[in-house]
2 protein chains.
Amino acid sequence: MKNFHPTGNCPVRDVLSRLGDKWSMLVLTTLSANGTMRFSDIHKTIDDISQRMLTVTLRTLESDGLVHRKVYPEVPPRVEYCLTEMGTTLMPHIQNLVDWALGHMDEILTSRETVKG
Amino acid sequence: MKNFHPTGNCPVRDVLSRLGDKWSMLVLTTLSANGTMRFSDIHKTIDDISQRMLTVTLRTLESDGLVHRKVYPEVPPRVEYCLTEMGTTLMPHIQNLVDWALGHMDEILTSRETVKG
DNA sequence: CTGTATCCCATACGATACTG
DNA sequence: CAGTATCGTATGGGATACAG
């Protein structure tokens, strides 16, 4: 029987759990669609994310090497974000998931109403 | 500027947030690899999931129409789970994500250590 | 403009005990 | 065997205020 979780730390679980948080995929998708963006532009595009969570999410993505952060030494400060090369290679897979979700959400919603809960 | 979150309920967010919980992808992957499985078999395969969370996860996946649940009227009870047709169509995309994670986890771990936190 | 710091809450999850 | 029920905890994330 096939098993997918070596006892101890499973790197696959670790990586996927990051993408599974509330905002990562959305931030990545937004950057993928719009290219380089300022902090405030991302915030305007995803307007229901809190400032705190946008910062936290971007920092995590940067730490993982999926997003690049560039600070311009200006006043007022300007910070631009864009996907790294690795981040770019991830996007087609996320897009496939999004497309699948779009294509099956009706069936899923129907199932939720149908299945006696 | 492209936006991906219609105000109000975004079905894509809704669907993806389910997959992003702690155990759903792992349960789906396990069922995909092993075919039909009894509750206890899944539990043995994913041995660090609690009985409660395995039940909750399977019920959610069933409600969404991704997993099928069959109860045999026996004593002691026997319950078997397998992917539905819709669940099967989702698996290649999850597998792509897993493969990506496997292929890039070294780079990600290195990045985490490198980026000054 | 781009953050940090602090506080607070909802809920996801685990541990344990119990049941048909 | 395959669950429920109950409780406790950890933490993800929002609101707000403040700072460089």
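Keep in mind that the numbers below use all heavy atoms, side chains included, and drop hydrogens, waters and symmetry copies. The sequence lines fix the lettering, A, B, ..., with proteins before strands; numbering per chain opens at 1.
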B:Cys82 pairs by side-chain contact (heavy atoms from CB on, under 4.5 Å) with which of B:Val67, B:Thr88, B:Thr36? B:Thr36

CG (A:Leu19) and CG (A:Asp64) are apart, to the nearest 0.5 Å, by 8.0 Å

For A:Glu74, report the nucleic acid contact type (base, sugar-phosphate, nothing); a contact means any heavy atom under 4.0 Å. nothing

Can you tell me if the side-chain N/O atoms of B:Arg78 get under 4.0 Å from OP1 or OP2 in D:dA2? no

Looking at every strand, decide which applies to B:Tyr81 at a 4.0 Å heavy-atom threshold: base, sugar-phosphate, or nothing. sugar-phosphate

Atom CG of B:Asp21 and atom P of D:dT11: how far apart are they, to the nearest Å? 17 Å

Check the distance between C:dG3's P and A:Arg38's CZ and give it to me in whole angstrom. 10 Å

Between A:Trp23 (CH2) and D:dG14 (C1'), how many Å, whole number? 10 Å

If you pin B:Lys22 and A:Arg52 to their nearest nucleotides in DNA chain C, which one's is more 5'? A:Arg52

Might you confirm whether atom CD of B:Glu85 has over 12 heavy atoms from other residues, nucleotides or ligands at distances under 6.0 Å? no

5' precedence on DNA chain D between A:Pro77 and A:Gly20 (nearest-nucleotide basis): A:Gly20

A:Leu58 CG to C:dT2 P, in whole Å, measures 11 Å

Any A:Arg59 side-chain N or O less than 4.0 Å from OP1/OP2 of C:dG3: yes

Rounded to whole Å, please give me the gap between CG in B:Leu54 and P in C:dA12. 17 Å

Check this for me, if you would: do A:Asp48 and B:Arg13 make a salt bridge, where the nitrogen-to-carboxylate-oxygen distance has to be below 4.0 angstrom? yes

Just how far, in rounded Å, is P of D:dA2 from CD of B:Glu80? 9 Å

For atom CE of B:Met53 and atom P of D:dT9, their distance in whole Å: 19 Å

Please state whether the phosphate of C:dT2, meaning OP1 or OP2, lies under 4.0 angstrom from any side-chain nitrogen or oxygen of A:Ser40. yes

Counting only side-chain heavy atoms from C-beta out, which of C:dT2, C:dG14, D:dG3 sits nearest to A:Val79? C:dT2

Spacing between A:His43 atom NE2 and D:dG13 atom C1', to the nearest angstrom: 13 Å

Can B:Asp14 and A:Arg112 be counted as an ion pair, charged N to O under 4.0 angstrom? yes

